[in-house]
Amino acid sequence: MLKISPISAARLSPWMAAACSLLHPPALHAQTAEQGHLPEIAVKGPRDASIGTADSASEGAAEKASFQSRPKLRPGDIVEAVPGVVATQHSGDGKANQYFLRGFNLDHGTDFAMRVAGMPVNMPTHGHGQGFADLNFLIPELVSGVRYRKGPYFADSGDFSLAGSASLDYVSVLDSPFAEFTLGQNGLRRLLAAGSRTVDDQTWLGAVELEGNDGPWQVPEHLRKTNAVLRYSQGSASRGLSVTAMAYQSRWTSTDQIPQRLVDSGELSRFGSLNPTDGGRTRRLSLSASWFDKGPEGDTELSAYAIDYRFGLFSDFTYFLANPAQGDQFEQTDRRRIYGAQATHRRPNRIGGLDGILSVGAEWRGDRIGEVGLYPSQFRQRLGTVRNDKVSEDQIALHAQQLVELGANVRSYVGLRGTWLGYDVQGREPVYGALNSGRGHQSLLSPKAGLAWTVAPAHELYLNAGQGFHSNDVRGATIRLDPQTGLPAERVPALVKGTGSELGWRFQPDERLSLTVAVWQLQLGSELVYVGDAGTTEPGRASKRHGVESTLRWQIDGRWRVEADLAWSRARFRGASPDGEGNFVDNAVERVAAAGVVWQQGPWMATLRLRYMGPRALDTLDSVRSRPVTLLNFGGTYAVNRQLTLGLQVFNLAGRKGNDIEYFYASCTASEVLSDRCGGGIADRHVHPMEPRSVRLSARWTF
């Protein structure tokens, strides 16, 4: 059901009215409808309301029944509801997921922007890597919607959204309070309790989550997580307010990648570790508020947020290569407060006699980073300082986008986003800190455009193009000397431009069936490349990607639903390659396939999901390739009665021995140092295995 005001409906054609309604985040509107505040007019349409309203073939909203029924090993797995996205893990469940999309190894979130309850998740100038996006504070059961876009085609999409973006909304009201307890192998236990209460138009919602897990690792993970949400909302379908508080903390022992050569020789188990003192701790506190008003002069939305964030991580990826005596463990820290606000206004208008919608907006985000540091360590004890910086970073953006109905079956939009980034880096490392300090700013204009043609009631074609950007770690924009070597270092731009385009087709004969195909290309001015011995990302060469994606969503009948996604991509560096290097973008995902089937009848529900990620180049010469990975998961529930629901999840149902991640770089172990076999390091695959077959049982009691 699409909700619009009577005045908007009178002034706009049906597709424009639906499009205007779709521009609203669904969370609060869904909440008001559930409370009984009915809209003045309801327009019936397909479930994802795509034909006649979508701006591209690669945008959409995941069905709630689909992403909630998926077996989820970790909270971040929910982003696999976005077609073509793969979420894995290479260092323990307290750390951000590893993401793959559109020919990118996105590391922990670079070039894929994520928001939860209106707040940005990606962290610029982060201690572990640019764009770090940790979703472990997410409570999947509270997610009301997953909306996604791909490509830099929309004016309201900003930093880190070159490959795509996903917005995850939280519910404001629950049908009934509940408590759910989950037990699994390897010490997994989880307790979730949530409920809401509504009086008139005011609703309070609260949830608490406690989780512990050791995992299949020889060195137990000892994950200990605490999570809480408190939300207040009030209003109607035309005007409303919500305030959300979240609190999350976690600590764990890392299970970093290990050399394949030790596994092959039998010296180390696939689930073994070379440094049992690796691990981390993180904390996230946030307060956010949003307000909207749908009136005769248009729709206005205001939101603001404040986040307090702490992060500390001990990692060891090269073991004894750089420091044969004390080892190569290092500590990365990040301590910051984040403030932000945004405002948007959308109103119907007419241009040259044509109906349209004008959207304008402004955004500000300020990161006040008290400490972002890198320290060599041994057994979690610091041995010195590589970098210790205090950073202030502000990003301000203005954007506007005009949609126009060119004819009965053709519509288009043009947009422009202006971004200004200002930064101040204060180095506190005693030797090179002052030299690497500095301040600066950079601005960027990003034009966007799109065209949609409804060829027939069930067929729509799209053409999209635009420029976007990602920010670099601003410490790289002020650096003069490499703090590890003392040699001159090359500075990088604070903002890097990307240009993309896409041709798409959507087939949607009715609300039960949707098929999309998109052919896309993207060029970046500088690639962000993962550096194994530093555990972070660094700017690299310019690159170009292109690919094809296809998605299928088919509700066969009231019992069966089928989903399938296929994605192929090609990624290459542009220009002449340096000596000894090639033009393959290392670790760029090339082929991804996913399929799922959901069956529901009476009190029973079952889902089976298959995910395949093909081999990819692990170095720029394509001399070493990763192994393909196939994963099959099962989930099912049975409602015993109105109060009790039992659940079963089986992960890696086929018991495959694949890897969540593979890197190719040089390392040296303690035994190789003692036997004088190391030399300048041994280049090898470094892998983190996906978890073996595991079972989780749950029981939910609804009050």
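Applying the salt bridge (charged side-chain N to carboxylate O under 4.0 Å, His left out) test to R197 and every residue at least two apart in sequence or in another chain returns nothing. Under the salt bridge (charged side-chain N to carboxylate O under 4.0 Å, His left out) criterion, R559 pairs with no residue at all, not counting sequence neighbours. Listed by chain and number, the residues in a side-chain hydrogen bond (donor to acceptor under 3.5 Å, both in side chains) with S286 are R284 (sequence neighbours excluded). Scanning for side chain to side chain contact (heavy atoms under 4.5 Å, CB included) contacts around S196 gives V173, L174, T203, L205, with sequence neighbours left out. With sequence neighbours left out, the side-chain hydrogen bond (donor to acceptor under 3.5 Å, both in side chains) criterion links N409 to no other residue. Considering only residues two or more places apart in sequence or on other chains, S161 meets the side chain to side chain contact (heavy atoms under 4.5 Å, CB included) condition with A113, S157, S165. Residues meeting the side-chain hydrogen bond (donor to acceptor under 3.5 Å, both in side chains) test with S550, sequence neighbours left out: none. Take P75 and apply the side chain to side chain contact (heavy atoms under 4.5 Å, CB included) test, not counting sequence neighbours, and it matches N136, L138, P140, K225. In this structure R70 satisfies the salt bridge (charged side-chain N to carboxylate O under 4.0 Å, His left out) test together with E563, sequence neighbours excluded. The side-chain hydrogen bond (donor to acceptor under 3.5 Å, both in side chains) test applied to Y232 returns Q202, Q234, not counting sequence neighbours. Residues forming a salt bridge (charged side-chain N to carboxylate O under 4.0 Å, His left out) with E549 (at least two apart in sequence, or on another chain): R102, K150.
A salt bridge links R545 to E527: one of the charged nitrogens lies within less than 4.0 Å of a carboxylate oxygen. Of the charged side-chain nitrogens involved, none lies within less than 4.0 Å of a carboxylate oxygen, so that R346 and D156 do not count as a salt-bridged pair. Remark: D299 does not engage K294 in a salt bridge, criterion side-chain N to carboxylate O under 4.0 Å. Of the charged side-chain nitrogens involved, none lies within less than 4.0 Å of a carboxylate oxygen, so that D308 and R368 do not count as a salt-bridged pair.
A cation-pi arrangement is present between R149 and F154, with the terminal nitrogen or guanidinium carbon under 6.0 Å from the aromatic centre and inside a 45° cone about the axis.
Looking only at atom types and distance, the side chain of Q402 has a donor-acceptor partner in the side chain of N349 under 3.5 Å away.
A distance-only check finds no donor-acceptor pair linking the side chain of H108 to the backbone of A133 [under 3.5 Å]. Here the side chain of Q68 pairs no donor or acceptor atom with the backbone of A65 at under 3.5 angstrom. Side-chain N or O atoms of H470 include none that pairs as donor or acceptor with a backbone N or O of D159 at under 3.5 Å. In this structure a side-chain-to-backbone donor-acceptor pair under 3.5 Å is missing from S471 to A494. Of the possible polar contacts, one joining the Q442 side chain to the L495 backbone as a donor-acceptor pair under 3.5 Å is found. Judged by distance alone, the side chain of R561 and the main-chain N or O of R512 form no donor-acceptor pair under 3.5 Å. Between the side chain of T607 and the backbone N or O of V597 there is at least one donor-acceptor pair closer than 3.5 Å. In this structure, the side chain of N122 does not engage the main chain of T110 through any donor-acceptor pair within 3.5 Å.
When the shell of 6.0 Å around NE2 of H441 is examined, it contains 12 or fewer heavy atoms from other residues, nucleotides or ligands. The number of heavy-atom neighbours closer than 6.0 Å to CZ of R337, taken from other residues, nucleotides and ligands shown, is 12 or below.
Annotation: side chain of V79 is in contact with side chain of L135 (closest heavy-atom distance under 4.5 Å). By the 4.5 Å heavy-atom criterion applied to side chains, D355 and V404 are not counted as neighbours.
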Checklist entry - Step by step, would you call H546 with W568 a ring-ring contact (aromatic ring centres under 6.0 Å, His included)? => result CA-CA 9 Å; H546 63 263; W568 171 87; 5.7 Å; yes

Checklist entry - Is there a side chain to side chain donor-acceptor pair (under 3.5 Å) between S514 and Q508 once you walk through the steps? => result CA-CA 5 Å; S514 177; Q508 191 171 17; 4.6 Å; no

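Relative orientation of the H126 and Y309 rings is tilted, given thresholds of 30° and 60° on the angle between their planes.
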Show every donor-acceptor pair shorter than 3.5 Å between a side-chain atom in residues 414-422 and any protein atom, with sequence neighbours excluded, or say none if there are none.
unit_1 : atom_1 : unit_2 : atom_2 : d
R417   : NH1    : A155   : O      : 2.9
R417   : NH2    : E363   : OE1    : 3.0

